[in-house]
Every structure is written in C-alpha cells, then in structure tokens.
S.K.: 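Here it is, the structure in full.
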Amino acid sequence: MSTKDKVLVFSVVLGLLYWVVDAVLNYYYLFYDGSLLGMLILDVPLNILYLRTFVFLLFVTSGVLFSKILGKQEQEQRINSVIYKIAYAVNTTENLSELFKAIHNYLGKVVDVTNFYIALYDKDTDIISLPYFLDERGKAEVFPAGKTLMAYVIKKGRPLFATREVIKRMEESGEIEIIGPPAEVWVGVPLKAGAEIIGALAVLSYTNAHLYTGKDLNILKFVSGQVAIAIKRKQAAEAVQTREKEKAVILDSLSELVSYKDTEMRIVWVNNAVLESIGLSSDELIGRHCYEVWEQRDEPREGCPIVEVLKTGEFKEGEVTTSDGRRWLVRGNPVKDEDGKVVGVVDSSLNITEKRRLEEQLIQAKKMETVGRLAGGIAHDFNNLLTAIKGYANLLIDGLSPKDSRYEDMKQILKASERATTLTDRLLAFSRRKFIKPQVINLNELILGIDEMLRRLITEDIELIFIPSEDLSSVKVDPAQIEQVIVNLVVNARDAMPKGGKLFIETGNVALDEDFIREHIGSKLGDYVRMSVRDTGIGIPEELMEHIFEPFFTTKKEGRGTGLGLSTVYGIVKQHNGYISVESTSGRGTTVNIYLLQVEEEAERIPLKEMDETLPEGKETVLIVEDEEMVRGFAHRVLQSLGYTVLEASNGKEAVRVAEEHEDEIHLLLTDIVMPGMNGMEVAKYFKKIRPKIKVLFVSGYSDNITEQHGFLFKGMNFLQKPFASREFAQKLREVLDSE
C-alpha cells in the first residue's frame, strides 16, 4: 500500500472515530432512557448530527486531498530519482549500450516500457537508427526517416500521443506512413540537447489502447531532456576515448621513441617503441627520471634538449649518445597549460646510429674520391716530367763509359726516377686511373704462384696459412695488379706482428645481399669471390680506421713506409669494380676482405714474354702528337736515333694539318690521350678514317676517357704507360708496327 493510500484510510478511520467519540461524550449526560441507540440516533439534536457528519466528511476530504498531494510528490520523487540515476549512469556505464540499458531500466520504474525505443537521427543521411529497443513484434534497427512516427516527432520537434484513431487519421492525411505492425497507442517525445534534436524516445502497446495516458507523456517529456544530455555526453566521451585509442595506436606504431615527462623529468607515458628499446615494462618506467633510465646517471647531462625545453619553453633538438654507444636525435616539445606555463615535455628519440655511420661512410667515400682525383692529376703531370727525366737520362748514360765519373751520377738519377715512377704508379692505382689489362684467372692459382715470394716477405716467426676454397669461381682482373694488392696486404700484416704470429689468406665464393649492401656503402648486389687476409697482430685503433685508405697516411715509424700501401689496394679493388672492407680491433688483429665479381668464363693462362734487351730499329714514318714539349722532344730524339722518319704535332688540330701536308704514307700514330682540344681518341679516329692502314700507339699517365668509358684497356688498343724509358718505348713501337 502506497503512502497516499495509507493517508486516505487513516483519514476515514480518524473521521469515524471522531464521530463515535463525540457522540459518546455529548450524550453521556443527556440520555433519558438508557438506550445507546437512542443516544446515538433518536435523541440527538438535528444540528449536532449535522455538525458531526460535517466534521467526518471534512476528515475524509482532507485525507483524499492530502493523499493526492502525497501521490504527486511521490511521483515527482520517482521521476527525479530516474533523472538522477540517468545522469549518474553517464559516469558509471562503460559505453552507450550500457547507458541505453540503464535508461530503459530506470524509466521502467515510472512508465510501462514493454515496447521501448531510443532512436538517433542522422540529419546528413536522413537515417534513423535504433541503437536500443525492445519490441514484441518489430525487428528494424536502421531505416530511412521518411514519414514514420519517429520522423514526425523528430522533425516537428514536439511530443506525440497517438491512439489507433489518431494514427489512422494522420496516415490518411499523408502526415505519416506506417511501417511495421499497427499499435493501439504510440507515445513519443523528441530528444533535445540544447537546441539540437538528436533523436526520439518512444513507447507503445499493440494490445491495450489505455495503457498510456497524458501523464505518461508528461513523464517522458520531463525525462527526455536529461536522456538527450546523457546520450550526448556519452557520445562525446566515447569519441574522446576513440580518439585516444587512435592516438595510442598511432604513437605505438612509430619506430621513434615517444614519451611524456613532467617538469621533474619523470616519465609519465611512453609508447611501445620505448618499452621494446629498453626491455622494461611500463610499470617499471613510469615515475622514474629519464636520465636514470637511458643514461644511468644521477642528473641530466649538460646540453640535454629536455632540460633546455623546460628552461626556455621552446622546441629544442639535439644529438645524444647513450652509454651503450647508440646515437639518438632527441626532439623536445613543451606542453603548456592555459596560462602558458610549461607543465611537461613530449619528446621523441630517433636512433640515428646507423644513419650517422652511413653518413660518415659516404663522407669518407667522397673524401677518398676527391683525394683520388687530386692524386691522379698530380701523378699524370709528374709522369710527363718523369718521361723526360728518365728518357734523357737513359740517352746520356748510353753515351757514357762505365769508367766515366759521371756514369755513377747518372745511375743515381735513374734510380731516383725509378723510385718516383713507383710512387706515381701507386698514386695512379689509388686514383683508379692506372691502365689495367684484365684476364680471366683463378685466384687460388695466382696466390699459389706467388706463395714463395710472399714467404720471403715475412719473417720466420710468422706462419703463413693459405686456405683455398674448392670450386672457386673465376674473376676477370689484371693479375699484376692483384698480385700487388696481395703483396701490400702481406707486408702490412707482417709489420703489424713484430713479435710474430699467424697470417691467413683465405678464398671463397660469396653472394652480397641487401643486408650486406645496407651495411657497406659502395658495395653492390651480386656474386663475388672473397679473398680475406687476416693477421693476429696489434690491430688498428678505432679512431684511425677512417683514415687507413688515405694516401700517405701511415701508423709506421718514420722511414718505414710511404703510406700508400692500403690506398693502392683500395684504388686497384675499386677500379676492378670490387669492394674492400677492413675489420680490426686494437690488440686483436686485422682482417681485410676483398670482393671481386665472379665471371662464368674459364680461367686462362698467359705465358710470360721474354724481353729483348736490344733497341729495335725501323725505317717507317711515325707521327708524334704530344702536348708536353719535353716528352715530345724525347720521343723524337729516340725515334730519330733508331732510323725512323719523325713528324711532330703539339695537338690534334696541328696533327691534321701535318698529315694533309705529308703526302707519303704515315705508318704509325703515336698520340697522347689527354690533350686540349681534340683528345688522343678523337685524333686516332680521324686518322683511321682518312688513313685506314695507319697503326696507333697511345701513351698517357692516365686517361679519364678510357677509364670512365671503358674501365679497362679495351681489346685491340695499343698502350704505353708513362713514364717510359728508351728501351721500353722502342720495343713497344716495334711490337705495334710488326703486328697484323
């Protein structure tokens, strides 16, 4: 029994009690025959009876009125309780679905919700969705708004209480269109959040036309505002949660280490990359100082970007090296409150260890290229001078008797010029401008062929161990150049083991893959033959590794080396389109790996030629085209002394004029390759066109045209490297003239 019913019963009982008590008290002294009935009815004055009845009715009426007041208060309390609980559910439910369920349960306390709908309206698509509904017969969850009862309430923005008759009348007038089973009564109210209508709230009955009254409509109207606000808040909260989850997913997908720190540099939040990098859980990181975690320090390092951000309130970035040797690019962004005060720092750390290593390799490669060009240019010019020095010195010594006091002096000049020639030869090899004559060889056979010489180069306390690979592929190289590479490496290894040790030379077939070329700038994909020269010597300090291929750089004592050993190796390998890498640890030895491209051709063997010591003579006509006057004069003198007819030109244009004026046959064109105007290749091409039978001999210290366009000395090309002596010059000239 409700409170209002209890009040009504109490009022009636109280009225009756008053009527009886008043009668007893008033007639106790007035009755004359002792009859109680007479006292109560027969002998009561009429006015007293009216008064008593009036008071009784007053009690009853008051009880009824008071009961109604209490009933209304109870209803308001229930409605207020529903509103409060709906508002509270916004914070206690995890999602919209749970909120809708809570709204349904709470409304069920004041309204019949057997058939209950929460509808949301999308104005852009004119679609109504039912994220939550209970319907005894209906199944639709999403439908076009159209002219449905829901659409009527939403678009009109006003409540609707519709019986079957009202619904039929509205349908006939075209105001609505019925979808689904017909209802006996339908009650709906719009959901308004401020000025925005977001949907509607509705209940209906398929069987009882009197289930709902205007009172129920008022209840729905009363709670609809709070329901709309609750839905909007929950939608906003879920949107925020969705965005936060998206942000977390995005941040966790970054390879950069992202974290948020407070003003004390304590870690507040980190992404997955941080956890993976450090190997700790989030719980183990949160609250700790960043410098304690990353650098194992008790305080921030000087120049830390995070410290600078906290001090200045501005974006900062800097490079930091952690205790494990990794290098990081750290960027710090200040986080400020509404007043502009810095409350924290969001920072990102990118591991640039590999990037910096590759950059340093690239800088080193460019530096080597620049030094190589310089060395090659110097060597070329110096070779021209040496050609004249050696040539004229040979001419002079040939005219002197061994007993002549000047004979020994000339021998010393020639000896010095030979040493200078070796020096320029190494510079040319380093600059990759030395002509090479490639042939297909087996590297095992080449190493075995010079094994005895290599053992003479090392001391008795060094053990030389050769580990040849079976089925080693062939390579196309200049054997003499590769021999020089091996000799230089063996000599370096010997000098690195003053107290003796072991020297290993090992060969093998390898394939360089993507991982290798990513780690080694300058290398290329492909199948290679690898030759490793490994010693157990003193090794190379890390700080010197970047200089080892530079010309004239040496760690040996003064007078013990020129500093051209490894630079020569580097140049020769590069000119053969190979790759070289060096691994060394101070005190633990050095390994040099040489990679040469494999070829499918069979290895060939070329017999050594016997050198004729005599100077062959000739009667043919030779045209010398040389821009260097000293070299041209020396060549002219040698050829003339051997009986040749000599024509001269200082450049290509002059050579064309000389050829036009000389009507007789010119048997051989002797031309430098690098000249101003027409180069030697262009001059030769012109002469081959106008004099097809002419033979050509090229001379040069180096040739950019040949090395850059062809890489190797191309087939059929006759070439003589500067500087050259009289005998070498005369023999090469005769060889070309006598060739078919």
Side-chain angles (χ1 to χ4, degrees), residues 253-256 273 276-277 324-329 350-369 372 432 436 438 440-447 465-478 481-482 485-486 489 504-535 539-540 542 545-546 548-549 566-567 569-585 588-603 711-712:
S253 67
L254 295 175
S255 59
E256 293 187 41
E276 292 172 1
S277 175
D324 58 5
R326 289 184 294 177
R327 298 164 72 174
W328 303 87
L329 178 62
L350 179 64
N351 189 341
I352 57 172
T353 308
E354 181 66 10
K355 183 172 182 278
R356 288 288 183 263
R357 187 185 67 80
L358 295 176
E359 285 175 352
E360 289 167 0
Q361 285 186 4
L362 184 59
I363 291 171
Q364 181 69 8
K366 288 183 177 179
K367 181 173 70 174
M368 296 295 289
E369 183 66 26
R432 288 172 274 170
I436 54 180
V440 179
I441 66 165
N442 182 289
L443 205 54
N444 287 342
E445 293 180 5
L446 184 142
I447 296 171
I465 303 169
F466 177 40
I467 309 173
S469 171
E470 296 182 5
D471 301 322
L472 190 67
S473 297
S474 301
V475 292
K476 191 172 185 179
V477 296
D478 185 326
Q481 294 293 306
I482 300 304
V485 166
I486 298 170
L489 294 178
F504 300 87
I505 301 178
E506 185 175 359
T507 59
N509 296 321
V510 295
L512 302 189
D513 56 16
E514 293 283 356
D515 292 336
F516 185 91
I517 64 173
R518 193 180 301 112
E519 293 286 327
H520 301 80
I521 285 185
S523 59
K524 297 178 181 179
L525 290 172
D527 296 323
Y528 290 78
V529 170
R530 179 179 62 196
M531 177 179 67
S532 300
V533 179
R534 175 167 57 91
D535 65 61
I540 304 170
E542 184 178 354
M545 286 291 289
E546 62 180 280
I548 58 175
F549 293 131
L566 276 179
S567 61
V569 170
Y570 176 87
I572 291 173
V573 172
K574 288 294 183 182
Q575 193 170 6
H576 281 81
N577 296 319
Y579 180 74
I580 179 172
S581 67
V582 179
E583 301 168 5
S584 185
T585 303
R588 299 182 62 181
T590 301
T591 300
V592 180
N593 294 307
I594 307 292
Y595 300 87
L596 300 170
L597 278 168
Q598 297 178 13
V599 295
E600 295 181 358
E601 303 167 54
E602 291 275 341
F712 297 114

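All residue numbers in this chain count up from 1 along the given sequence.
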S.K.: Quick one: list whatever passes side-chain hydrogen bond (donor to acceptor under 3.5 Å, both in side chains) with Gln598, sequence neighbours left out.
M.R.: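 Expected list: Ser473.
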S.K.: Who pairs with Ser523 by side-chain hydrogen bond (donor to acceptor under 3.5 Å, both in side chains), at least two apart in sequence or on another chain?
M.R.: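 side-chain hydrogen bond (donor to acceptor under 3.5 Å, both in side chains) check on Ser523 returns nothing, list empty.
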S.K.: Using modelled atom types and a 3.5 Å cut-off, is there a donor and acceptor pairing between side-chain atoms of Ser474 and backbone atoms of Glu601?
M.R.: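 Checking the backbone N and O of Glu601 against the side chain of Ser474, a donor-acceptor pair under 3.5 Å is found.
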S.K.: Distance check, rounded to the nearest 0.5 Å: Leu443 atom CG versus Thr507 atom OG1?
M.R.: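 The distance works out to 6.5 Å.
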S.K.: With a 4.5 Å limit on heavy-atom distance, are the side chains of Tyr579 and Lys574 in contact?
M.R.: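 Tyr579 reaches Lys574 side chain to side chain.
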S.K.: Rounded at 0.5 Å granularity, tell me how far CG in Leu329 sits from CG in Leu350.
M.R.: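 So the CG of Leu329 and the CG of Leu350 are separated by 6.0 Å.
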S.K.: Please confirm whether the backbone N or O of Asn509 pairs with a side-chain atom of Asp471, one donor and one acceptor, at under 3.5 Å?
M.R.: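 Judged by distance alone, no pair lies under 3.5 Å.
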S.K.: Please identify each residue that fulfils side chain to side chain contact (heavy atoms under 4.5 Å, CB included) with Val573, with sequence neighbours left out.
M.R.: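 Checked Val573 against side chain to side chain contact (heavy atoms under 4.5 Å, CB included); matches are Val569, Ile580, Ile594.
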S.K.: To the nearest 0.5 Å, what is the distance between CE on Met531 and CD1 on Ile486?
M.R.: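 Answer rounded to 0.5 Å: 4.5 Å.
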S.K.: First locate atom CG of Leu489, then atom OG1 of Thr591, and finally report the distance between them rounded to the nearest 0.5 Å.
M.R.: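 Those atoms lie 11.0 Å apart.
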S.K.: Nearest heavy-atom pair of Ser584 and Ile540: which atoms, and what distance?
M.R.: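 So the two residues come closest at OG-N, 2.7 Å.
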S.K.: Distance from Leu472 atom CG to Glu445 atom CD, nearest 0.5 Å?
M.R.: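 Nearest 0.5 Å value for the CG-CD distance: 9.5 Å.
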S.K.: Could you check whether any side-chain heavy atom of Tyr528 comes within less than 4.5 Å of a side-chain heavy atom of Val475, counting everything from C-beta outward?
M.R.: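 Not touching, per the 4.5 Å side-chain cut-off.
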S.K.: For residues 521-534, which residue pairs qualify under salt bridge (charged side-chain N to carboxylate O under 4.0 Å, His left out), counting only residues two or more places apart or in two chains?
M.R.: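 Applying salt bridge (charged side-chain N to carboxylate O under 4.0 Å, His left out) to every pair that reaches into residues 521-534, excluding sequence neighbours, yields nothing.
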S.K.: Holding to salt bridge (Lys or Arg N to Asp or Glu O under 4.0 Å), I want the full list of residues that pass it with Asp515, two or more places apart in sequence or in another chain.
M.R.: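 By the salt bridge (Lys or Arg N to Asp or Glu O under 4.0 Å) rule, Asp515 matches Arg518.
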S.K.: Indicate, with yes or no, if the rings of Tyr595 and Phe516 have centres closer together than 6.0 Å.
M.R.: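 For Tyr595 and Phe516, the ring centres are under 6.0 Å apart.
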S.K.: What pair of heavy atoms forms the shortest contact from His576 to Lys476, and how long is it?
M.R.: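 That closest heavy-atom pairing would be CD2-O, 4.1 Å.
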S.K.: Say you draw a straight line from CG of Leu512 to CG of Leu597; how long is it, rounded to the nearest 0.5 Å?
M.R.: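 One gets 8.5 Å once the value is rounded to the nearest 0.5 Å.
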S.K.: Can you name the side-chain hydrogen bond (donor to acceptor under 3.5 Å, both in side chains) partners of Ser532, sequence neighbours left out?
M.R.: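 Testing Ser532 for side-chain hydrogen bond (donor to acceptor under 3.5 Å, both in side chains), a comparison that skips the adjacent residues, returns Asn593.
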